[in-house]
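Just so it is clear, the values below take in all heavy atoms, side chains as well, and ignore hydrogens, waters and symmetry mates. In what follows, chains are A, B, ... by sequence order, proteins preceding strands, each numbered from 1.
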Protein chains: 2
Amino acid sequence: MASRPAPVDPLTLEVVELIGSVVVRFHQEYDEAAARHSLTGAQARLLALLHHQCLPMREIARRLKCEPSNVTGIVDRLESRGLVERRPDPADRRVKLAAATESGHETAERLRASMDFASEPLADLTPAERALLRDLLRRMLGDGYGDGPPATPSDTPAD
Amino acid sequence: MASRPAPVDPLTLEVVELIGSVVVRFHQEYDEAAARHSLTGAQARLLALLHHQCLPMREIARRLKCEPSNVTGIVDRLESRGLVERRPDPADRRVKLAAATESGHETAERLRASMDFASEPLADLTPAERALLRDLLRRMLGDGYGDGPPATPSDTPAD
DNA sequence: ACCGATTTGCTTGACAACATGAAACATCGA
DNA sequence: TCGATGTTTCATGTTGTCAAGCAAATCGGT
């Protein structure tokens with residue numbers, strides 16, 4: 001089985017597979033870190049978003065790449081735990097802005113700090129190698145590797 | 001907000017963020033590719049596993065990093081569509097081996113072929129750079145970067 | 001400027017997939 | 001026989017979709 005060679009060279013194939021492994025590990029550890037704070041992965045991602053700025057529901061949906069109706073539920077759960085609140089948008093009474101509460105910001109910050117796990121696998125690389133890896137990843141991702149416009153591209157290099 | 005600088009250098013931090021971007025894009029496109037074949041992400045991952053070899057349920061759970069009781073449902077759904085079948089293990093009558101059917105193997109192969117999206121972002125890199133990236137990722141992931149034994153560790157192109 | 005029609009933003013409801021944990025059951029191994 | 005192991009079932013919760021609904025904004029024609 002798995003006998004037919006794919007129409008791509010083995011090198012590319014291996015890189016793809018390696019990236020797959022990175023993805024699996026990253027995702028897994030992200031979820032574990034979130035769980036340590038009694039959050040699911042989706043809740044942690046949402047809270048991290050709101051740590052930077054408050055956002056209307058539809059914008060959250062766009063960034064998380066899911067339906068707005070889904071965001072309602074996630075915000076509901078976070079709101080019921082006092083980590084997030086809904087505020088009216090003075091400019092448009094239809095929209096509701098989700099914002100992290102004080103407690104939400106604290107949780108988000110603790111979460112981010114505990115996220116240093118991600119740097120641990122990089123410990124084996126020398127700074128020069130890390131720079132190399134950074135450049136290769138940058139070129140791989142192309143220009144706008146983030147999906148949303150960061151408020152200020154200069155600060156908060158971590159997401 | 002996000003005032004405390006993380007106890008890691010900016011370079012590492014940026015690499016972490018880049019990896020995060022890779023993870024997001026990879027996941028998203030993986031799910032889309034799966035959806036094109038009427039599969040969910042979890043089903044696609046399971047089917048890809050079984051494309052290499054048939055496995056007992058508990059082993060699938062270990063590789064997918066979830067509970068065995070969860071695997072039951074995913075295999076159920078794939079089985080009801082004729083992509084997977086359960087076979088008894090002659091050596092141990094407790095275990096059930098999940099195996100891809102003929103149709104399952106075909107789907108897995110089509111899926112893998114349509115997965116070339118993942119190689120597309122690599123197109124901008126020269127072969128030498130790809131090799132470099134491969135080596136860096138390998139070292140980053142440590143020895144056993146897959147979670148299962150690779151079919152033939154020897155068939156990786158030598159440097 | 002007014003009023004109806006359409007669009008937009010969010011929520012609700014029904015439903016499916018995924019995930020966990022506890023409990024049940026058969027089977028293995030000591 | 002007894003404990004451990006492999007699988008399933010059940011209850012429950014989160015995430016995701018889609019369709020329908022409501023409120024508010026916007027547009028077009030008079």
Report all interatomic pairs (protein N or O, nucleotide N or O of nucleotides 18-23 of chain D) with separations under 3.5 Å.
unit_1, atom_1, unit_2, atom_2, d
dC18(D), N4, S69(A), OG, 2.8

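- When side chains are defined from C-beta on, L39(A) counts as touching T107(A), because their heavy atoms get closer than 4.5 Å.
- One interatomic measurement links the two molecules: NZ of K65(A) to C1' of dT15(D), which rounds to 17 Å at whole-angstrom precision.
- Taking atom CD of Q43(A) as the reference point, atom P of dG13(D) lies 14 Å away to the nearest angstrom.
- In this structure, H27(B) and H27(A) have parallel ring planes: the angle between them is below the 30° cut-off, well short of the 60° mark.
- No more than 12 heavy atoms of other residues, nucleotides or ligands shown are found within 6.0 angstrom of CZ on R87(A).
- Between the side chain of E129(B) and the main chain of T126(B), a donor-acceptor pair closer than 3.5 Å is present.
- Side-chain contact check for M140(A) versus I19(A): some heavy-atom pair is nearer than 4.5 Å.
- We find that R86(A) and D76(A) are joined by a salt bridge, their nearest charged nitrogen and carboxylate oxygen being less than 4.0 Å apart.
- Contact between the side-chain N/O atoms of R77(A) and the OP1/OP2 oxygens of dT15(D) is found at a separation under 4.0 Å.
- Inspection of the H51(A) and R112(A) side chains reveals no N or O donor paired with an N or O acceptor under 3.5 Å.
- Following rounding to the nearest Å, Q28(B) (CD) and dG16(D) (C1') show an atom-to-atom distance of 15 Å.
- Reading DNA chain C from its 5' end, the first and the last nucleotide to sit under 4.0 Å from a heavy atom of chain A are dT8(C) to dT12(C).
- Per the geometry, CD belonging to E59(B) stands 14 Å off C1' belonging to dT5(D), to the nearest Å.
- Proximity of a side-chain donor or acceptor of R134(A) to a complementary backbone N or O of L11(B) within less than 3.5 Å is not detected.
- Of the residues in residues 80-87 of chain A, those with a non-hydrogen atom less than 4.0 angstrom from any atom of DNA chain C are R86(A).
- Of the charged side-chain nitrogens involved, at least one lies within less than 4.0 Å of a carboxylate oxygen, so that R63(A) and E59(A) count as a salt-bridged pair.
- Distance D31(A) CG to dT14(D) P: 15 Å, rounded to the nearest Å.
- Shortest non-hydrogen contact noted between I60(A) and V71(A) is CG2-CG1, 3.7 Å.
- Rounding to whole angstrom units, CG of residue L64(A) and C1' of dT17(D) are separated by 15 Å.
- Look at CG on L46(A): it is 10 Å from P on dG16(D), rounded to the nearest Å.
- Protein atom CZ of R93(A) is 14 Å distant from nucleotide atom C1' of dT26(D), rounded to whole Å.
- Hydrophobic clustering keeps L50(A) apart from L97(A) (ILVMFWY residues linked when any side-chain heavy atoms are closer than 4.5 Å, directly or through intermediates).
- In this structure, A42(A) and L55(B) both approach DNA chain D, and ranking their closest nucleotides by distance from the 5' end singles out L55(B).
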